[in-house]
Amino acid sequence: MKRSILAVPLMAALLPVACARSEVAAPEYVVGIKYDQPGLSLMAKGGPRGFDVEVANYIAAHLGTEPGEITWVEAPTSKREDLLRGGDVDFVVGSYSITAERLRQVAFAGPYFVAGQDLLVRAAETTIDRPEDLNGRTVCSVAGSTSADKIKQDFATGVKLTTREGFSPCVDDLRARRVDAVTADDVILAGYAAQSPGELRVVGHPFTRERYGVGVRKGDTELQSKITAAIQSMIADGSWDRAVRTHLAPSGYTPLPAPPVFTATDARIQPGDPATLDPALIRTVSQLTEAANTQQWETFDSMICPEASPAVSSFVMQYTPQYDNHLGPEVMDADYRHTATGIAQHTPDSATFLARETFSNIPAKYRQYFKDIDYAATMTRRDGQWRLCGLAADFVES
């Protein structure tokens, strides 16, 4: 992070009060973004514009940066880790999916968005509806991404792969019929489809879940925690929804709700001794997990705080395989189980419990779609009854 300290002796003598306020200027941040993703992050004449740009601006403001004090740096997919490790940027907001491999190189705050890998095809194309239809076809992806490899490994071993340094060249190849499809996250593809109405379309069957995080240098836990807090604030105060309506809705893209952001402190909660916990709290946690496991949704909903019910119920339903209409019938036999892994009671009326959701009978090609999930649930006692009043979640990367 760069900091500017202004010292102008003459002005200090003439305007001591004003300069006293200016002795420590607002921090300036160097932020890596994409320059070629309509709707998310597109560099234009007046500066970058898009949902990711709004997220970066909000984070910088939360960290105390004045408007206009961000230095933007292009962060292509293949260069993001290098930019962070080399200290060329303070953080990256660039459709940056959190993966186990990347977590070995950098750290992430968030997530702030959930997308899914999909396909962009020519509008008149009627024979490509899912990735399995790409055998014998050519698909383009961006260098440094794993999108095309995912298709070849799990869905269409006979697909032909080609890569370009950016999304625009892939889209140009699609228009020119040099490739049959472009693969990337649905939100990215929707931006390109919106630029070519009637010419290109998104297939609309995402087959992975991609959690976008803000990349920071590995070990910078202070900045990581501050950015996560900023993301939580952006979601809570409605700024996240407004940014979605402004930048993503015009393309016709309908994203999943804002993710329940997981904080580093949640993972460090120390479970209490069961002998010292309120027995009613233990019973309620047990009833919640059992209701979720047996899909007794009325019972489950009755134990949730009214203000939290819509968000909690929406998230739980999204990650129940039988209710997902994006996937085929092969997931109908999938199973899942919630297991409480610890309870910490902070006061007589507040507590947190940790749980893990594990999936079984999931077809191998959808393991990136249904990853195991760690939960941190906020419990509050109201009118003598313990209720679930908040939920954070983090996918288990392996």
Side-chain angles (χ1 to χ4, degrees), residues 32-34 37 40-41 52 73-118 131 139-157 159 161-167 170 182-188 206-221 223-224 227-228 231 259 261-264 267 319 356-359 362-374 393-398:
I33 58 170
K34 296 293 183 65
Q37 293 182 349
L40 277 178
S41 183
D52 275 358
V73 171
E74 185 174 13
T77 297
S78 60
K79 301 296 184 183
R80 291 174 298 197
E81 288 83 20
D82 291 340
L83 289 170
L84 286 167
R85 287 196 302 258
D88 300 297
V89 297
D90 294 302
F91 55 91
V92 171
V93 188
S95 56
Y96 205 175
S97 297
I98 302 170
T99 67
E101 181 181 355
R102 288 169 180 162
L103 283 168
R104 287 190 281 270
Q105 304 178 66
V106 299
F108 287 94
Y112 66 90
F113 194 82
V114 179
Q117 187 180 343
D118 210 324
V139 63
C140 185
S141 65
V142 173
S145 78
T146 59
S147 300
D149 291 334
K150 168 70 177 173
I151 292 173
K152 189 173 184 65
Q153 176 181 330
D154 294 329
F155 293 94
T157 57
V159 70
L161 307 181
T162 183
T163 60
R164 299 288 184 267
E165 286 302 317
F167 290 100
C170 273
V182 177
T183 189
D185 296 343
D186 50 7
V187 63
I188 299 171
F207 47 92
T208 68
R209 282 196 177 101
E210 307 294 336
R211 296 177 305 132
Y212 289 176
V214 177
V216 300
R217 282 185 292 281
K218 198 171 183 66
D220 194 346
T221 55
L223 183 59
Q224 181 186 22
I227 292 177
T228 294
I231 294 168
V261 180
F262 196 88
T263 62
Y319 295 96
R356 172 164 288 192
E357 181 177 11
T358 55
F359 294 93
I362 299 290
K365 62 185 178 181
Y366 289 129
R367 282 306 302 177
Q368 192 172 344
Y369 194 91
F370 287 108
K371 298 177 182 177
D372 295 345
I373 307 173
D374 284 331
D394 194 30
F395 287 75
V396 179
E397 297 290 345
S398 59

4.5 Å side-chain heavy-atom contact, Gln37 and Ser95: yes
Under 3.5 Å: donor-acceptor pair, side chain of Lys365, backbone of Phe155: no
Shortest non-hydrogen contact between Asp372 and Phe359, atoms and distance: OD1-N, 3.1 Å
Check against side-chain contact (heavy atoms from CB on, under 4.5 Å), Ile227 and Val216: CA-CA 9 Å; Ile227 292 177; Val216 300; 3.7 Å; yes
Nearest-0.5 Å distance, CG of residue Asp149 to CG of residue Leu161: 6.5 Å
Name every donor-acceptor pair, under 3.5 Å, that has one atom in a side chain of residues 99-107 and the other anywhere in the protein, sequence neighbours excluded.
from   : atom 1 : to     : atom 2 : distance (Å)
Thr99  : OG1    : Arg102 : N      : 3.2
Arg102 : NH1    : Ser97  : O      : 2.9
Gln105 : OE1    : Arg85  : NH1    : 2.6

Over all atoms of both residues, closest heavy-atom pair of Ala148 and Ser141: CB-OG, 3.3 Å
Sidechain N-carboxylate O distance under 4.0 Å for Lys79, Asp88: no
Working for side chain to side chain donor-acceptor pair (under 3.5 Å), residues Thr162 and Arg164: CA-CA 7 Å; Thr162 183; Arg164 299 288 184 267; 2.9 Å; yes
Heavy-atom closest contact (Val142 atom, Glu165 atom, distance): CG1-O, 4.0 Å
Closest contact, heavy atoms only, Gly32 versus Val89: N-CG1, 3.9 Å
Heavy-atom side-chain contact between Val214 and Ile231 under 4.5 Å: yes
Face-on cation placement of Arg209 at Tyr366 ring, 6.0 Å and 45° thresholds: no
Side chain Lys34, main chain Ser41, donor-acceptor under 3.5 Å: no
Side chain to side chain contact (heavy atoms under 4.5 Å, CB included) partner of Asp118, the single match among Val187, Asp186, Ile188: Asp186
Aromatic ring proximity Phe108/Tyr96, centre distance under 6.0 Å: yes
Atom pair CZ (Arg217) and CD (Glu81), whose distance is rounded to the nearest 0.5 Å: 14.0 Å
Straight-line distance of Thr208 OG1 to Tyr369 OH, nearest 0.5 Å: 8.5 Å
Interatomic distance, Glu210 atom CD to Asp185 atom CG [nearest 0.5 angstrom]: 5.0 Å
Main-chain N/O of Lys152 paired with Thr157 side-chain donor or acceptor, under 3.5 Å: no
Under 3.5 Å: donor-acceptor pair, side chain of Thr228, backbone of Gln224: yes
Non-hydrogen atoms of Leu84 and Asp90 that approach each other most closely: CD2-O, 4.2 Å
Distance in Å, Phe207 CZ paired with Ser147 OG, rounded so as to fall on 0.5 Å steps: 7.5 Å
Step-by-step side chain to side chain donor-acceptor pair (under 3.5 Å) determination, Tyr112 to Asp52: CA-CA 9 Å; Tyr112 66 90; Asp52 275 358; 2.8 Å; yes
Heavy-atom closest contact (Glu74 atom, Leu83 atom, distance): O-CD1, 3.7 Å
